[in-house]
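Here is the structure we will look at, set down as structure tokens.
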Amino acid sequence: MAASPAAPVVGAAGSGRVSVPRESRNRRKLAGTIGYHAVAGGISLLWFAPLAIVAVTSFRTFDDVAANGIVSWPDRLWLGSYAGAWTDGGMRGALVDSFIITIPAVLLSMILSAVAAFGLSRYRMPFRRTILLIMLSGNLLPPQTLIVPLNKISEALGVFDTYYAVIAIHISFGLGFYTFLLYGFMRALPAEIQQAAVIDGASTLQIFWRIILPLSRPALAATTALAFTFIFNDLLWSITLLRSQDLMPVTPTLLGLQGSYISDYTLLAAGTVIAAVPTLAVFLMFQRYFVDGITVGAVK
């Protein structure tokens, strides 16, 4: 006598629900995983494609691009575009100018914002939230509305067309945002740590330098990387407060390359890669701290 097909297994008595076999659940889970990775991979390729084209173009000759188009593989790798962008394009001096502006601006911004966040988050004071909102409200103003006043103020102070003007505006304009980021992290640190340090006789400076700052390294690293990226890639304040070509940082220099070598895509691509290397290096340097910042508080 032939065996009848296996009937679906009914769940709990009276429930009327049919349990799905484990194999079917595994197949659905596998199909969902494959679909998710396919969509994520397609989006990643769309995002990465322009970067790959720029990187490959920077190693090609002008004749190769003119003959075969930008979206093609080069016959041979050529470093002449990097040499041209480094010397003739002025990227060597622009990188030096960018570091002269960026390093002091980032260091002073982190010091001032860390001190401000420490005071606002770890001590009770009147109107501390109001103070924080006032500091943050400066970032709500469109920067374009400040171009003319800042230009006139820098001329009146005698710092127009100097590094000091650009460094000062980067510090003042970003201080509220950086303080806001560090404030949220420092406020979440347990109060018992600070209380124990006070009982042990630690001063306010010791608590800040030896306890709060080491515990805030993930937030400081993330904020430092953001500040470095914002300041290093700045265009607006550089062209507003600087006029001398030998003081121009990387981004205005790239804009000048686009005007001078508008048809030489290889040199423009090489200059773009050179300008992207410092920010990429900073991100890779602080990548571990980004991960630490995500996992802080996950384990009690």
Supply the atom-to-atom distance [X] [atom1] to [Y] [atom2], rounded to the nearest 0.5 angstrom.
| X | Y | atom1 | atom2 | result |
| --- | --- | --- | --- | --- |
| D97 | Q245 | CG | CD | 9.5 Å |
| T240 | L146 | OG1 | CG | 10.0 Å |
| L181 | T223 | CG | OG1 | 5.0 Å |
| S109 | H170 | OG | NE2 | 9.0 Å |
| I131 | Y183 | CD1 | OH | 10.5 Å |
| D88 | L267 | CG | CG | 7.5 Å |

Near [X] [atom1], under 6.0 Å, is it more than 12 heavy atoms from other residues, nucleotides or ligands?
| X | atom1 | value |
| --- | --- | --- |
| R128 | CZ | yes |
| F160 | CZ | yes |
| R129 | CZ | no |
| R217 | CZ | no |
| F99 | CZ | yes |

May I ask you to test the [X]-[Y] pair for a side-chain heavy-atom distance under 4.5 Å?
| X | Y | value |
| --- | --- | --- |
| L268 | L254 | no |
| D234 | P249 | no |
| V282 | T229 | no |

Q.
Please list all pairs meeting side-chain hydrogen bond (donor to acceptor under 3.5 Å, both in side chains) that have one or both residues in residues 149-162, counting only residues at least two apart or in different chains.
A.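 Matches after skipping sequence neighbours: D161-S244.
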Verify the cluster assignment for [X] and [Y]: are they in a single hydrophobic cluster under the rule of side-chain heavy atoms below 4.5 Å apart?
| X | Y | result |
| --- | --- | --- |
| M91 | L79 | yes |
| I169 | V159 | no |
| I100 | M110 | yes |
| I111 | L182 | no |
| I103 | F286 | yes |

Please report the shortest heavy-atom distance between [X] and [Y], naming the atom on each side.
| X | Y | value |
| --- | --- | --- |
| T253 | G89 | CG2-O, 3.4 Å |
| I231 | A105 | CD1-CB, 3.7 Å |
| S58 | Y82 | OG-OH, 2.7 Å |
| S216 | M186 | OG-CG, 3.6 Å |
| D246 | Y163 | O-OH, 4.2 Å |
| F232 | T102 | CA-OG1, 3.6 Å |

(Q) Could you walk me through whether F177 and F230 satisfy the side-chain contact (heavy atoms from CB on, under 4.5 Å) test, starting with their C-alpha distance in whole Å, then the side-chain angles of each, then the deciding distance to 0.1 Å, before giving a yes or no? (A) CA-CA 12 Å; F177 178 67; F230 293 157; 4.2 Å; yes
Q. Between T179 and S113, do the side chains contain an N or O donor and an N or O acceptor separated by less than 3.5 Å?
A.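 The criterion, which ignores hydrogens and geometry beyond distance, is not satisfied for S113 and T179.
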Q: Apply ring pair (Phe, Tyr, Trp, His ring centres under 6.0 Å) to F173 and list each qualifying residue two or more places apart in sequence or on a separate chain.
A: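 Once residues adjacent in sequence are excluded, the partners of F173 under the ring pair (Phe, Tyr, Trp, His ring centres under 6.0 Å) criterion are W237.
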Q) By ring pair (Phe, Tyr, Trp, His ring centres under 6.0 Å), which residues pair with Y178, not counting sequence neighbours? A)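 Per chain and number, Y178 pairs via ring pair (Phe, Tyr, Trp, His ring centres under 6.0 Å) with no residue.
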Q: List in chain and number order the residues that pass side chain to side chain contact (heavy atoms under 4.5 Å, CB included) with I53, two or more places apart in sequence or in another chain; answer none if no residue qualifies.
A: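 Applying side chain to side chain contact (heavy atoms under 4.5 Å, CB included) to I53 gives T57, I70, V71.
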Taking [Y]'s backbone N and O only, do any of them form a donor-acceptor pair with [X]'s side chain (distance below 3.5 Å, no angle check)?
| X | Y | answer |
| --- | --- | --- |
| T251 | N233 | yes |
| R210 | L205 | no |
| R243 | I239 | yes |

Q: Might you work through the side-chain contact (heavy atoms from CB on, under 4.5 Å) test for I43 and L46, ending with a clear yes or no?
A: CA-CA 5 Å; I43 295 175; L46 289 176; 5.5 Å; no
Q: Could you walk me through whether T224 and L107 pass the side-chain contact (heavy atoms from CB on, under 4.5 Å) test, one step at a time?
A: CA-CA 8 Å; T224 300; L107 289 178; over 6 Å; no
**Q.** For V56, the rest of its hydrophobic cluster, which grows through side-chain links under 4.5 angstrom
**A.**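 When side chains under 4.5 Å apart are linked, the cluster holding V56 also contains W73.
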Q) Can you pull the salt bridge (Lys or Arg N to Asp or Glu O under 4.0 Å) pairs that have at least one residue in residues 49-64, sequence neighbours excluded? A)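 Only R60-D64 qualify under salt bridge (Lys or Arg N to Asp or Glu O under 4.0 Å).
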Q: Apply side-chain contact (heavy atoms from CB on, under 4.5 Å) to I207 and I212, showing your working.
A: CA-CA 6 Å; I207 294 173; I212 301 301; 4.0 Å; yes
Q | Parallel, tilted or perpendicular, as decided by the 30° and 60° cut-offs, for the rings of Y123 and F118 | A |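 Rings of F118 and Y123: perpendicular, as their planes differ by over 60°.
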